[in-house]
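Working notes, structure below.
Remember, predicted model here, so these are calculated numbers, not experimental data. In what follows, chains carry the letters A, B, and so on, assigned in the order in which the sequence lines appear, proteins first and then strands, with residues in each chain numbered from 1.
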2 protein chains.
Amino acid sequence: MYSKDLIKGTLQPIILKLLEENNKMYGYEITQRVKELTNGKIEITEGALYPMLHKLEADKILSTEKVYIGKRVRKYYHLTQNGKQVVSEKINELSDFLSTMQLIIKPKTNMI
Amino acid sequence: MYSKDLIKGTLQPIILKLLEENNKMYGYEITQRVKELTNGKIEITEGALYPMLHKLEADKILSTEKVYIGKRVRKYYHLTQNGKQVVSEKINELSDFLSTMQLIIKPKTNMI
DNA sequence: AAATATACATAAATATATTAGGTATTAAAA
DNA sequence: TTTTAATACCTAATATATTTATGTATATTT
């Protein structure tokens with residue numbers, strides 16, 4: 001796990017990126033997918049995830065659909081029309097940002 | 001300029017990285033260097049910078065030296081013995097984190 | 001002479017995420 | 001078969017980093 005601070009601000013773009021690729025996902029699934037993709041290095045806490053999902057829904061970037069698996073509810077989130085337009089910009093920004101950060105810490109020798 | 005949120009948590013490693021490379025720097029110099037290195041994409045605010053420098057000094061990671069340029073004071077910061085040991089770990093962590101983030105947003109085609 | 005750049009600093013407000021708690025169902029292990 | 005772990009949602013109090021706004025003062029450029 002990384003220092004808490006590093007991860008700050010990345011939660012939203014991570015969520016949006018996953019939803020861009022997977023069409024629809026539910027909260028718990030997102031936490032598991034991120035853990036999987038990052039080999040456990042990033043673990044999204046639910047206290048951060050759910051409020052962010054609710055915020056994105058309130059902002060009309062995501063919409064939801066409830067599905068019952070037996071008696072247990074799943075709340076699927078997917079990008080709205082509106083949301084799709086916003087997302088690629090946000091991902092580009094993140095991508096650009098990561099490059100810029102690489103620029104600053106320019107790893108000395110290891111270019112693949 | 002990037003969304004404020006993205007930059008969160010990167011201030012400390014940026015400062016430490018610059019001080020690792022440049023031996024000693026003063027606050028204003030750091031803001032300018034970062035602006036320069038990132039082509040204006042990251043502008044460190046003084047309200048964030050100075051408290052962080054003070055914190056790093058309180059934590060014995062940095063120490064200071066005042067220099068007068070005419071009547072104007074400059075406060076140079078440099079890594080302490082202790083600080084040098086901490087820094088490379090922090091930079092490695094940031095570097096690792098950036099790679100992990102790249103993993104998530106994996107830019108489709110453009111590998112240089 | 002006025003405006004901009006250099007150089008430090010702090011304080012209130014904002015926003016995010018952590019920590020800690022809660023409910024409930026289903027599957028696996030003891 | 002009872003207990004534990006996993007699945008699945010949620011919120012509230014706390015902590016903390018950063019922004020925004022403000023302040024002081026000197027040096028340089030227009």
Taken to the nearest whole Å, CD1/A:I14 to C1'/C:dA17 is 13 Å

Check for a donor-acceptor pair, side chain of B:E93 on one end and backbone N or O of A:S3 on the other, with a separation under 3.5 Å.
yes

For every nucleotide of nucleotides 15-25 of chain D, 5' to 3': is a protein heavy atom under 4.0 Å from its base (B), only from its sugar-phosphate (S), or from neither (-)?
--SSBB-----

Tell me whether A:N92 contacts the main-chain N or O of A:S88 through its side chain, where contact means a donor paired with an acceptor under 3.5 Å.
yes

Which one is paired to D:dT30, where only Watson-Crick or G-U wobble pairs with both distances under 3.5 angstrom count?
C:dA1

For the pair made of CD1 in A:I69 and P in D:dT7, what is the distance, rounded to whole Å?
14 Å

Would you indicate, yes or no, if D:dT11 has its OP1 or OP2 atom less than 4.0 angstrom from a side-chain nitrogen or oxygen of A:H54?
yes

Would you say A:T80's side chain and A:S63's backbone share a donor-acceptor pair under 3.5 angstrom?
no

Starting at atom CZ of A:R74, determine the distance to atom P of C:dT26, rounded to an integer number of angstrom.
12 Å

Rounded distance (Å) that lies between atom C1' of C:dA17 and atom CD1 of A:I15
12 Å

Show the numbers, then the answer: is there a side-chain contact (heavy atoms from CB on, under 4.5 Å) between A:T31 and A:T45?
CA-CA 8 Å; A:T31 65; A:T45 59; over 6 Å; no

Are any of B:K75's side-chain N or O atoms less than 4.0 Å away from OP1 or OP2 of C:dA9?
yes

On the nucleotide D:dC9, are OP1 or OP2 found under 4.0 Å from the side-chain N or O atoms that A:Y50 carries?
yes

For the pair made of OH in A:Y76 and C1' in D:dA8, what is the distance, rounded to whole Å?
11 Å

Provide, to the nearest angstrom, the distance between the OH atom belonging to A:Y77 and the P atom belonging to D:dA8.
14 Å

B:S99 side chain to B:S95 backbone, donor-acceptor under 3.5 Å:
yes

How about A:T64 and A:E57: does a side-chain donor come under 3.5 Å of a side-chain acceptor?
yes

With the threshold set at under 4.0 Å for non-hydrogen atoms, list the residues of residues 21-29 of chain B touching DNA chain D in residue-number order.
none

Length of the OH-P vector between B:Y68 and C:dC8, whole Å:
12 Å

Round to a whole Å and report the spacing from NZ of A:K71 to C1' of D:dT7.
16 Å

Validate the cation-pi geometry between A:K24 and A:Y76: distance from NZ or CZ to the six-membered ring centre under 6.0 Å, angle to the ring axis within 45°.
yes

When clusters are formed by joining ILVMFWY residues with side-chain heavy atoms under 4.5 Å apart, either directly or through shared neighbours, do A:Y28 and A:V73 land in the same one?
no

State plainly whether one hydrophobic cluster holds both B:Y26 and B:V67, where clusters connect Ile, Leu, Val, Met, Phe, Trp and Tyr through side-chain heavy atoms under 4.5 angstrom apart.
yes

